[in-house]
Amino acid sequence: MTQASICTIGDEILIGQIVDTNSSHISRALEETGIKVTRMLSIGDNHDEIVGNLTHELEINDIVISTGGLGPTRDDITKAALAKMSGSKGYVEHQGQLQVIHGILSARGLDMLESNKSQALVPDTCDVIVNHKGTAPIMVFRFPEERFGHPATLYAMPGVPFETLGALPEVMEDIKAHNPLEDIFHKCIMVSGLAESALAELIEPWENDLPEDMHLAYLPNQLTGVRLRLSIYGGSQEEAEKRIDARFVALKPILGNKIYSFKDDTLENAIGALMRGSGMTLSAAESCTGGKISSLITSVPGSSEYYLGSVTSYAIAVKERVLDIPPSLICEYGVVSSEVAAAMAEGVRKLTGSTYSVSTTGLAGPAGDEKNPVGTVWIGVSGPNGTRTVRKVFKNDRKRNIERFAAAALDALRLFILDDLNH
């Protein structure tokens, strides 16, 4: 299978001054094209580092795509490094890119400077894909088999994300025209309510029985649970999909309702799928999650069909006055308790007239108490057939705890609705 490496060039990435988004876009495009990405590498603005690292990547990959270091300023040294790598004897002016540069500057009312004009100069060893979004062309260096032991191609792209995205389609077409391609098929299912380690232990026999050409990845996320991805590289895509579907179906008896979707999905989408078209409605009462649950639910297009609203009852006074929770209940059991979580869920359900409601009360951090350590949340879910509460304890920082609380609440709501629908 044709393999590729992605290299970002620039000190600004290494020191965290900017976030590299180019690599994710490029890797996705390569994957869709049928190219397997083996590595991602960041290189600083150092001539020898650029030459050494790109040379190494070309030795072990068929394709290397670099981004960055092609601007008109002194710190942009990638072009000179590539000229040396490729044995260039000089630079030539690319008329197509020069016309684009002239057009961009004219549209902005700027004069053509020598530094701008120099961007159209490229090593005489490369082909050029014109960059229609910016001034630096995409340089394509094609190395013969005797150089690295196999044919290899280096695509040097600009670092500006807007320009990289704009040039990607033409780069992919060039890759398709010069490389043998195979289908790559991925499929995911979504699992909630299990930590990655616990999930791995539970499905170990199933995983051990996977064929050698089928690769499993665990992709955990605070808000969505664990994404299980099966991949097959090469072969027929139709056949690969059938084989992977059969393997995932075999997980259903093992995981049951822990599987909330047989596609790449989110908990809020899964809840939307249960609610939409049913006539059922939903509301939320949030304390420790501060509106996170409501934000997730309303991020789903069409959620206005079933979501009525929420009360962010952060203060005790709001719990008492708006949700009608008796002060004696809070005094006896404490704010972070099963009793208060249940009363919050019932209160907002009564207030909004919703079919179902979900509530959270907890301690996201940094402080906890003797009864409830940091990371404790009580979740309440209320519906036509009663109210249920569940306690969860997570050991993360405040931001992650809030995300875990919200995800756990959505999952508790999902399971509650499923129980009602199945009885």
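The figures here come from the full heavy-atom set of this structure, side chains too, leaving out hydrogens, waters and symmetry mates.
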Check whether more than 12 heavy atoms from other residues, nucleotides or ligands sit under 6.0 Å from atom [atom1] of [X], and answer yes or no.
X: Lys399; atom1: NZ; value: no
X: His186; atom1: NE2; value: yes
X: Arg147; atom1: CZ; value: yes

Going through the distances and angles, do Ser5 and Met40 end up as a side chain to side chain contact (heavy atoms under 4.5 Å, CB included)? CA-CA 6 Å; Ser5 171; Met40 291 182 183; over 6 Å; no

Does the distance from a Lys or Arg side-chain N to an Asp or Glu carboxylate O, for [X] and [Y], drop under 4.0 Å?
X: Asp245; Y: Lys242; answer: no
X: Glu286; Y: Lys292; answer: no
X: Arg247; Y: Asp209; answer: yes
X: Asp174; Y: Arg142; answer: yes
X: Arg414; Y: Asp419; answer: no

Verdict with supporting geometry, Leu323 and Val311, side chain to side chain contact (heavy atoms under 4.5 Å, CB included): CA-CA 8 Å; Leu323 296 179; Val311 174; 4.1 Å; yes

When you check the side-chain N and O atoms of [X] and [Y], is any donor under 3.5 Å from an acceptor?
X: Asp62; Y: Thr2; result: no
X: Thr389; Y: Ser338; result: yes
X: Tyr218; Y: Glu207; result: yes
X: Ser313; Y: Ser287; result: no
X: Asn61; Y: Thr38; result: yes

Partner set under ring-ring contact (aromatic ring centres under 6.0 Å, His included) for Tyr306, not counting sequence neighbours: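 Tyr306: no ring-ring contact (aromatic ring centres under 6.0 Å, His included) contacts found.
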
Could you tell me which non-hydrogen atom of Leu54 sits nearest to which non-hydrogen atom of Ile9, and how far apart they are?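 Looking at all heavy atoms of both residues, the closest pair is CD1-CD1, 4.4 Å.
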
Could you report the tightest heavy-atom contact between Val377 and Phe394, atom names first, then the distance?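 Distance-wise, the nearest heavy atoms are CG1-CE1, 4.3 Å.
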
What orientation do Phe248 and Trp206 show, parallel under 30°, tilted 30 to 60°, or perpendicular over 60°?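 Plane angle under 30°, so parallel.
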
Is the ring pair Phe148/His150 parallel, tilted or perpendicular, if the boundaries are 30 and 60 degrees?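 Aromatic pair Phe148/His150 classed tilted.
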
Rounded to the nearest 0.5 Å, what separates atom CG in Leu413 from atom CG in Leu282?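 Rounded to the nearest 0.5 Å, the CG-CG separation comes out at 5.5 Å.
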
Just verifying a value: how many Å separate Glu346 CD and Ser382 OG, rounded to the nearest 0.5 Å?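 If I round to the nearest 0.5 Å, the distance is 5.0 Å.
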
Would you please test Met1 and Ile184 for side chain to side chain contact (heavy atoms under 4.5 Å, CB included) and show each step? CA-CA 10 Å; Met1 170 163 280; Ile184 302 173; 3.7 Å; yes

Using a 6.0 Å distance limit plus a 45 degree cone around the ring axis, check whether Lys36 lies over the aromatic ring of Tyr233.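 Yes.
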
